[in-house]
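Quick notes on the structure that follows.
To find a chain, count down the sequence lines: A is the first, B the second, and so on, and within it residues start at 1.
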Amino acid sequence: MNLKLKIWRQANASVRGKFENYVVRDITPDMSFLEMLDVLNEDLLSRGEIPVAFDHDCREGICGSCGFLINGVAHGGQKGTTVCQLAMRFFKDGDSLTLEPWRAQSFPLVRDLAVNRSAFDRIIQSGGYISAPTGGAPDANTILVPKEIADSAFDAAACIGCGACVAACPNSSAMLFTAAKVHQLNLLPQGQPQRDQRSLSMIVAMEEEGFGGCTNHRECEAVCPKDIPIQFIGQMNRELTRALRHGERKFAHVTRDAEPAEVKR
Amino acid sequence: MLDARIPSGPIEDKWDTRRFEMKLVNPANRRKHSIIIVGAGLAGAAAAATLGQQGYHVQCFSFHDTPRRAHSIAAQGGINAAKNYRNDGDSVYRLFYDTVKGGDFRSREANVFRLAQLSVNIIDQCVAQGVPFAREYGGLLDTRSFGGVQVQRTFYARGQTGQQLLLGAYQALEEQIAAGTVQMHTRRDVLDIVVADGRARGIITRNLITGEIESYAADVVVLATGGYSNVFFLSTNAMASNCTAIWRAHRRGALFANPCFTQIHPTCIPVSSEHQSKLTLMSESLRNDGRVWVPVKQGDTRAPNQIPESERDYYLERRYPSFGNLVPRDVASRAAKEACDSGHGVGPGGQGVYLDFADALRRMGRGAVVEKYGNLFDIYERITGEDAYQAPMRIYPAPHYTMGGLWVDYDLMTTIPGLFAGGEANYSDHGANRLGASALMQGLADGYFVLPATVPNYIGSTKLEPVDTNHPAFAAAKSEVAESTNRMISMHGKRTPDSIHKQVGRLMWDECGMSRSAERLKKALGTLPELKREFWSNLALAGTAGEFNQSLEKAARVADFLELAELMCIDALDRNESCGAHFRVESQTPDGEALRDDEHFSYVSAWQWTEAGQPPVLHKEPLTFEHVHLAQRSYK
């Protein structure tokens with residue numbers, strides 16, 4: 001199959017970018033979208049032109065490196081699929097495709113389709129962890145975790161940090177990303193001691209990085225390659241309420257609520 | 001002869017003995033010492049976080065935009081630990097025994113025993129961090145079986161165990177970054193190791209955004225940069241996984257051990273097009289419930305569902321009745337190759353065998369299969385467009401893991417004082433073949449427990465002269481890096497880095513892949529210098545070295561793969577025996593199994609770089625087996 005591509009080219013964040021048109025030929029349906037771009041780039045390089053820059057690595061949909069908009073849709077539109085796993089059979093011969101980087105103030109452009117997503121790291125730094133210095137852990141089966149709790153924590157932990165949720169959101173909100181981590185760690189018994197502080201810190205960090213708030217468009221959920229549900233955002237809002245309520249009581253409750261009782265639900 | 005400095009005494013006590021002998025560093029003095037860690041996968045992130053927690057000044061480097069992307073994230077199946085939660089006969093000793101035997105007696109007993117001991121602490125540590133392992137309904141941790149063993153000791157998080165373990169280590173690392181103990185340098189390629197006054201004292205990096213060549217100095221350098229399967233071009237490794245840091249260390253004096261020990265994983269999705277950029281693994285855990293078969297009739301083109309039971313050859317179950325579909329990876333891969341080479345292969349080009357879940361679906365029901373393997377079936381469908389619930393998967397072996405790597409002593413220090421190697425980057429504990437679910441175990445054992453003990457011991461027991469980036473060794477290394485980068489970018493030739501990489505990869509797969517012979521290895525050794533000349537005279541790049549330039553990054557990696565490829569062939573030629581994943585056609589049993597030659601080859605091959613164009617020098621570390629008796633490996 002042959003395709004027309006319109007790709008955003010911008011050498012770095014301090015120069016103006018523009019769309020360039022390309023044609024790729026003899027693409028087979030079993031190639032992945034990124035393999036199609038490899039063909040374009042090999043062609044550009046052999047003609048002495050600068051290839052299109054895009055982040056990618058595992059090409060198995062798990063490292064979270066890749067991602068850009070195809071005709072305005074993050075990762076291209078196949079449900080639960082990153083662009084590296086998107087097969088060309090998803091498109092038709094003669095299609096015109098427009099490729100753009102994630103557009104969000106908090107994700108400055110690096111080059112062409114590659115952006116800087118380090119804001120996500122700083123959200124994790126603010127509280128997206130359980131403090132467990134190496135060496136002091138009790139036997140792994142000491143604390144029982146009901147299967148449904150472990151499964152739900154896993155559903156949230158499946159996030160790959162690709163940034164599609166932010167790119168798809170009209171508010172450039174990082175709430176799906178943040179809520180997924182808050183949900184995983186606040187749900188597990190091991191996460192209880194830092195629960196309220198985690199919710200507060202991560203939400204503050206998210207706002208400080210310039211991400212917007214959630215207004216329930218559900219675009220994030222639609223494009224998430226790991227099918228992270230928007231329910232986690234509602235859950236995070238309840239966690240915020242809980243943390244603020246406890247804050248008013250100046251954390252006098254800590255000993256009571258730190259017990260895994262909360263997990264029974 | 002190489003001395004691994006293994007502690008004396010009974011094997012059960014060696015690690016405790018070693019830890020007690022170690023020199024400690026006063027907590028108040030730790031922040032005065034700096035440690036460079038290259039790589040932020042399981043070994044690198046775990047070591048950086050733990051050494052940061054201890055109070056050292058850690059600088060961690062990654063070529064990714066964030067440490068959460070390291071290729072450890074793609075590990076699917078699980079992590080082994082001798083917890084014996086199942087009460088099925090497991091123990092530290094049995095994990096040790098299985099690993100030495102699985103590695104076909106080419107690993108170091110003392111290291112493997114320590115690995116088995118630490119395995120139990122790893123699971124505890126990860127659960128404390130909030131890693132959502134699979135659970136039973138009663139709230140206990142669930143486990144499953146993996147190849148080469150007969151107990152259920154593999155802990156898992158659906159088909160994404162590596163992701164969850166890496167995110168645990170990543171979060172611990174980010175906590176330390178926030179605390180200021182670890183400084184993270186992302187989007188940096190490490191292009192050289194600086195050896196000053198006989199000790200590793202720093203690194204030279206290229207800032208991938210600006211192209212600037214930078215120098216960093218420290219008291220210790222740790223390499224945790226993963227394996228080199230991408231020498232084959234097509235492998236299950238991530239696109240940017242590379243050998244550059246360990247190869248540069250090798251050129252600076254670190255011995256490279258067992259480079260020809262490369263694992264070919266039996267269950268990958270077969271190659272489908274000439275433009276294929278990488279291969280996708282289907283977790284070995286699938287062999288727990290899936291059955292491997294090929295048609296009895298050669299060249300049978302019927303759809304799998306049309307082939308009656310009596311005309312199917314479940315060759316693993318037939319040849320290895322006691323382990324069946326769960327034989328170790330090297331055995332399963334070779335058997336698949338034999339089936340295809342003898343004309344029984346299925347799919348395009350006959351390069352595939354069936355992995356069939358029909359029995360499992362009948363026995364367990366679709367729901368249970370989805371629960372256990374759903375994401376793997378999804379991956380398969382996305383890539384092939386086929387529904388594996390309806391028809392069997394097609395699989396074929398692919399390069400996956402490299403047991404070889406930098407030679408290290410018991411403390412994981414290379415032959416350059418002050419340069420350590422952890423995880424897949426060292427030649428490690430897996431001998432000639434790694435068992436499933438043992439890579440995550442080894443990466444985390446090195447990262448959480450071994451390096452955080454042995455690196456401080458080096459600092460505490462060594463008089464380290466103050467060295468900063470003004471030392472002449474930094475200027476020399478930096479100008480070499482700049483020179484080679486400029487040479488590549490200004491050649492304006494005709495061959496793209498990828499086209500040369502594909503060519504060397506194909507050559508290595510054909511001549512130094514699943515089966516090797518003296519004749520073909522010599523042929524490859526004749527071709528590789530030509531390819532190297534082609535690379536250094538006809539390379540096509542665009543743009544400049546002073547900007548974000550992904551083809552330039554690629555070219556620097558290919559340059560080092562070309563040199564490593566030669567060493568792999570030299571090593572494979574030298575080791576005139578079959579062991580584990582290294583199969584020399586000259587050395588096999590009458591029924592086609594790998595035939596070891598313990599009398600002549602019971603050693604670790606550790607190669608010393610001499611000069612470009614000169615043959616490397618072989619050093620040997622003799623292997624002795626006091627606990628696991630040398631025997632012909634049998635899974636029949």
Side-chain angles (χ1 to χ4, degrees), chain A residues 11-12 28 30-31 34-35 38-39 42 45-46 48-51 53 55-65 81 85 87 89 110-111 114 116-118 120-121 124-126 128-134 137-141 144-147 150 153-154 157-158 161 184-185 188 190-191, chain B residues 50 53 64-66 68-69 71 73-74 83 85 123-125 127-130 132-141 157-158 160 163-164 167 171-172 174-175 177-178 186 209 238-240 272-273 275-278 280 379 382-383 385 448 452 494 496 498 540-543 547-548 550-551:
Chain A
N12 57 59
T28 55
D30 51 1
M31 287 166 69
L34 298 189
E35 284 167 354
D38 290 343
V39 170
E42 283 290 284
L45 201 52
S46 61
E49 292 178 38
I50 296 177
D55 275 320
H56 65 102
D57 198 23
C58 76
R59 299 205 174 186
E60 290 182 26
I62 194 75
C63 76
S65 297
T81 305
Q85 293 262 285
R89 71 178 77 88
V110 171
R111 178 167 204 151
N116 177 346
R117 289 163 288 188
S118 57
F120 273 6
D121 290 330
I124 298 296
Q125 281 165 29
S126 71
Y129 49 78
I130 290 172
S131 296
T134 310
D139 182 86
N141 261 345
L144 299 179
V145 182
K147 186 173 188 311
F154 181 94
Q184 177 205 346
L185 300 179
L188 292 167
Q190 290 84 359
Chain B
T50 305
Q53 288 157 8
H64 287 109
D65 62 330
T66 147
R68 67 180 293 153
R69 314 236 189 265
H71 189 57
I73 204 152
K83 283 287 198 185
Y85 284 160
I123 302 302
D124 299 343
Q125 178 61 31
V127 166
Q129 289 170 343
F133 283 116
R135 300 262 171 183
E136 307 269 10
Y137 281 99
L140 295 167
L141 289 157
R158 279 182 220 165
Q160 288 153 253
Q163 180 199 26
Q164 294 310 316
L167 292 181
Q171 286 160 204
E174 292 295 337
E175 183 184 10
I177 294 170
T186 56
I209 304 285
M239 300 298 286
S272 64
S273 94
H275 293 297
Q276 192 134 359
S277 56
K278 77 152 306 197
T280 300
I379 291 177
R382 231 171 274 134
I383 292 178
Y448 282 131
K494 297 266 178 260
T496 63
D498 255 7
L541 288 175
E547 61 184 327
F548 189 68
Q550 291 173 313
S551 330

Using a 4.5 angstrom heavy-atom cutoff, name the option from [options] with the most pairs to chain B.
{"options": "A:Gly61, A:Pro133, A:Ala87", "result": "A:Pro133"}
{"options": "A:Ser46, A:Ala114, A:Gly64, A:Gly48", "result": "A:Gly64"}
{"options": "A:Asp139, A:Ile130, A:Asn12, A:Asp30", "result": "A:Asp139"}
{"options": "A:Leu34, A:Asp38, A:Ile62, A:Ile124", "result": "A:Ile62"}
{"options": "A:Glu49, A:Met31, A:Glu60", "result": "A:Glu60"}
{"options": "A:Ala11, A:Ala157, A:Ala150", "result": "A:Ala157"}

Give, as side chain, backbone, both or neither, the part of [X] having an atom under 4.5 angstrom from any heavy atom of chain B.
{"X": "A:Arg89", "value": "side chain"}
{"X": "A:Ala158", "value": "both"}
{"X": "A:Glu42", "value": "both"}
{"X": "A:Pro51", "value": "side chain"}
{"X": "A:Ile50", "value": "both"}
{"X": "A:Ser126", "value": "neither"}
{"X": "A:Asp57", "value": "both"}

Minimum heavy-atom distance between [X] and [Y], given as atom pair plus value:
{"X": "A:Ala140", "Y": "B:Ile123", "result": "CB-CG2, 3.7 Å"}
{"X": "A:Val39", "Y": "B:His275", "result": "CG2-ND1, 3.6 Å"}
{"X": "A:Gly128", "Y": "A:Leu185", "result": "C-CD1, 3.5 Å"}
{"X": "B:Thr280", "Y": "B:Ile379", "result": "CG2-CG2, 3.8 Å"}
{"X": "A:Ala137", "Y": "B:Asp124", "result": "CB-O, 3.4 Å"}

Task: Between CE on residue B:Met239 and SG on residue A:Cys63, distance to nearest 0.5 Å - done: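 Between B:Met239 CE and A:Cys63 SG, I get 11.0 Å after rounding to 0.5 Å.
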
[X] versus chain A, the contacting section by heavy-atom distance below 4.5 Å:
{"X": "B:Tyr85", "value": "side chain"}
{"X": "B:Gln163", "value": "side chain"}
{"X": "B:Ser277", "value": "both"}
{"X": "B:Ile209", "value": "side chain"}
{"X": "B:Leu167", "value": "side chain"}
{"X": "B:Glu136", "value": "backbone"}

Open item on the list: I'd like to verify something: which residue of B:His71, B:Lys83, B:Lys494 has the highest number of heavy-atom pairs under 4.5 Å with chain A?
Closed with: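 Most pairs with chain A among the choices: B:Lys83.
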
Open item on the list: If we define contacts as heavy-atom pairs under 4.5 Å, which of B:Gln160, B:Arg158, B:Glu547 has the most with chain A?
Closed with: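 Answer, by heavy-atom pair count under 4.5 Å with chain A: B:Arg158.
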
Checking the side chain of [X] only, and the main-chain atoms of [Y] only, is there a donor and an acceptor separated by less than 3.5 Å?
{"X": "A:Arg111", "Y": "B:Phe548", "answer": "yes"}
{"X": "B:Gln276", "Y": "B:Ser272", "answer": "yes"}
{"X": "A:Gln184", "Y": "B:Gly130", "answer": "yes"}

Task: Close side-chain approach of A:Gln85 and B:Ile383, heavy atoms under 4.5 Å - done: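 Sidechains of B:Ile383 and A:Gln85: in contact.
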
TODO: Check step by step if salt bridge (charged side-chain N to carboxylate O under 4.0 Å, His left out) holds for B:Arg69 and A:Asp55.
DONE: CA-CA 11 Å; B:Arg69 314 236 189 265; A:Asp55 275 320; over 6 Å; no

TODO: Take B:Arg68 and B:Glu174 through the salt bridge (charged side-chain N to carboxylate O under 4.0 Å, His left out) test and state the conclusion after the steps.
DONE: CA-CA 10 Å; B:Arg68 67 180 293 153; B:Glu174 292 295 337; over 6 Å; no

- [ ] Walk me through it: do A:Ser118 and A:Asn116 pass the test side chain to side chain donor-acceptor pair (under 3.5 Å)?
- [x] CA-CA 6 Å; A:Ser118 57; A:Asn116 177 346; 2.8 Å; yes

